[in-house]
**Student:** 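Below you'll find the structure I mean.
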There are 2 protein chains.
Amino acid sequence: MSNEFSLGEVQVSLSPQERFEEYLQSRGKRITKPRRALVDHIFRRHDHFDVEELIENLSEDGLEKIGRATVYRTLEELVKAGLLRKMELKGRAIYEHDYGYPQHDHLHCQICSQLIEFHSQELAAIRDAVSREHNFRATGHRFTITGVCFECSRKRHRQQSPHDLI
Amino acid sequence: MSNEFSLGEVQVSLSPQERFEEYLQSRGKRITKPRRALVDHIFRRHDHFDVEELIENLSEDGLEKIGRATVYRTLEELVKAGLLRKMELKGRAIYEHDYGYPQHDHLHCQICSQLIEFHSQELAAIRDAVSREHNFRATGHRFTITGVCFECSRKRHRQQSPHDLI
DNA sequence: CTTTGTGCAAAGCGTTTGCACTATT
DNA sequence: AATAGTGCAAACGCTTTGCACAAAG
C-alpha cells in the first residue's frame, strides 16, 4: 500500500500527473509545460468547475499565459485520459475529477446552481439491467436530480420551478 | 372516459392545444396564430426533435413564415406549460412531448445519436430517497445512459469511445 | 386603442479552428 | 530537423435580444 494515491476514496497506483503522462506517451503526444501545469492546477484545487472559472483561477498559480484554446484542448485530453468527467449544465461544460474518485451522481439546485454529490449502488444495477434489455453496450451514465436545495428552500418560500408562478 | 385524450399511455383531459391555451390565458398571454400552429405541428408529428429539425419541418405544414425567434420563444412557453420536456445533448436543446406521456429516461447512442426510451419505476424511488436524505426538494430528474446501440455495435467492431483510437 | 407578439437581423456566449510561431522529441 | 503544441484571433453554432411593425384583446 505504499505507492498508492488516495485522492477521494478509490485507491489508484499512479498520480494524476503520472497517469496523464502515461496516456500522452502511449499516443505519441507530447508532455508540454502547459499540459503539466494544467493537470497540477486542476488536481490541486478544483472539484467541479467550468472553463471560465478555471481560466480565472489560473492566475493564482501564475499560469495566466496559457491560452483558452490550450485549456479547451487539454481538458479534452484529460477527459479522454479518464482523468476528468465532463457534463453539460445550462449550456456549458462542467468538469470534475474522475480518476481516483468514486462513481457518483448529482443533485442540482436550480436556484443557487450548486451540485451536490450522492452515491447510489442501485443506479449502476438499473443501468446494466436496462442496457441488457436493449442490447445496448453502456459506457457510462449521467443521473441528475434537479430541484431546490435545503438552504434555498428555507430562504425562498416561492419557488422558481417551470410549473409554478401564477 | 369520453373526453379524454390518450397521447401515449397517460390519460389527460385536455388536448395539448387546449392545455396550452389554458396556460396562456392564465398568464394573460395571447393566443396567436404562430403559437397555435406550433403546438399543432409539434403534437402532430414529432417525438424527439431539435430546433433545426423543427424549423426544417415547418414548411411541410406551410409554416415557413414563422421566424426562428418565435420558435425559440414558443418552445420555452411550451416547456413552462408542461407540454414539452427539454434536455441538452451535445450542446443543443432536444425537446420531446411531456404532456400526456409517461415519465421515462433515455439510452443515447454515441455513434448514431439515436435516443431510446426506457421506463423504470425504481428510478423515481431512488430519486425520492436521495432527495429526502439531502433535504432536497426534487422537481425532476434526467437519467441518460450513454453507449453504443445494438445496430451500431454490429456494424462497427471498433468502437469510438473516449478511451480508444490509436 | 393598448399592449403583447412577431420577424428580422444583430449580438451573445461558449467552444472550435486556422495559422504562424514555439517547443518537444 | 521534424513534428506536435501553443496562443491569438477569427469563425462557429446555437440561442437570445433590440427594435419597428403586426395583431390580439
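The chains referred to below are lettered A, B, ... by the order of the sequence lines, with proteins before strands, and numbering in each begins at 1.
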**Student:** Are B:Glu60 and B:Arg45 close enough for a salt bridge, meaning some N to O gap below 4.0 Å?
**Tutor:**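 Salt bridge between B:Glu60 and B:Arg45, a charged N being under 4.0 Å from a carboxylate O: yes.
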
**Student:** Please report the interatomic distance OG1(A:Thr144) to CE(B:Met87), rounded to the nearest 0.5 Å.
**Tutor:** 13.0 Å

**Student:** By nearest heavy atom, map B:Arg68 and B:Thr32 onto DNA chain D; which one lands nearer the 5' end?
**Tutor:**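 Its nearest nucleotide lies further toward 5', so the answer is B:Arg68.
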
**Student:** First locate atom CD of A:Gln17, then atom CZ of A:Arg35, and finally report the distance between them rounded to the nearest 0.5 Å.
**Tutor:**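 CZ of A:Arg35 is found 15.0 Å from CD of A:Gln17.
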
**Student:** Looking at side-chain heavy atoms only, is the closest gap between B:Arg19 and B:Tyr99 below 4.5 Å?
**Tutor:** yes

**Student:** Distance criterion of 3.5 Å, no angle test: do you see the side chain of A:Arg30 paired donor-to-acceptor with the base of C:dT25?
**Tutor:** no

**Student:** First locate atom OH of A:Tyr72, then atom CD1 of A:Ile55, and finally report the distance between them rounded to the nearest 0.5 Å.
**Tutor:** 6.0 Å

**Student:** Taking only side-chain nitrogens and oxygens of A:Tyr72, does any of them come within less than 4.0 Å of OP1 or OP2 of C:dT15?
**Tutor:** yes

**Student:** Is B:Leu123 reachable from A:Phe118 through a run of hydrophobic residues whose side-chain heavy atoms are each under 4.5 Å from the next?
**Tutor:**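 Yes.
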
**Student:** On DNA chain D, which is the earliest and which the latest nucleotide, 5' to 3', with an atom closer than 4.0 Å to a heavy atom of chain B?
**Tutor:**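 On DNA chain D, the outermost contacted nucleotides are D:dC14 to D:dG25.
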
**Student:** Rounded off to whole Å, could you give me the CD-to-P distance for the B:Glu76 and C:dT6 pair?
**Tutor:** 12 Å

**Student:** To check you understand the geometry: which heavy-atom pair defines the closest contact between A:Glu117 and A:Glu96, and what is its length?
**Tutor:** OE2-OE1, 4.0 Å

**Student:** Are A:Lys155 and A:Glu151 within salt-bridge range, i.e. N to O under 4.0 Å?
**Tutor:**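 A salt bridge is absent here (no side-chain N lies under 4.0 Å from a carboxylate O).
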
**Student:** When you look at B:Glu77 and B:Arg73, which way does the salt bridge (charged side-chain N to carboxylate O under 4.0 Å, His left out) test go after all the steps?
**Tutor:** CA-CA 7 Å; B:Glu77 297 294 348; B:Arg73 288 185 282 231; over 6 Å; no

**Student:** Specify the residues of residues 53-66 of chain A, ordered by number, for which at least one heavy atom lies under 4.0 angstrom from an atom of DNA chain D.
**Tutor:** A:Lys65, A:Ile66

**Student:** Specify the residues of residues 83-91 of chain B, ordered by number, for which at least one heavy atom lies under 4.0 angstrom from an atom of DNA chain D.
**Tutor:** none

**Student:** Is A:Arg35 touching bases, backbone alone, or none of the nucleic acid, heavy atoms closer than 4.0 Å?
**Tutor:**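 Sugar-phosphate, no base atom in range.
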
**Student:** Do B:Tyr23 and B:Leu83 come close enough that some side-chain heavy atom pair is under 4.5 Å?
**Tutor:** no

**Student:** Rounded to the nearest angstrom, tell me the gap between atom CZ in A:Arg73 and atom C1' in C:dA23.
**Tutor:** 14 Å

**Student:** Would you say B:Phe43 and B:His97 make side-chain contact, with heavy atoms under 4.5 Å?
**Tutor:** yes

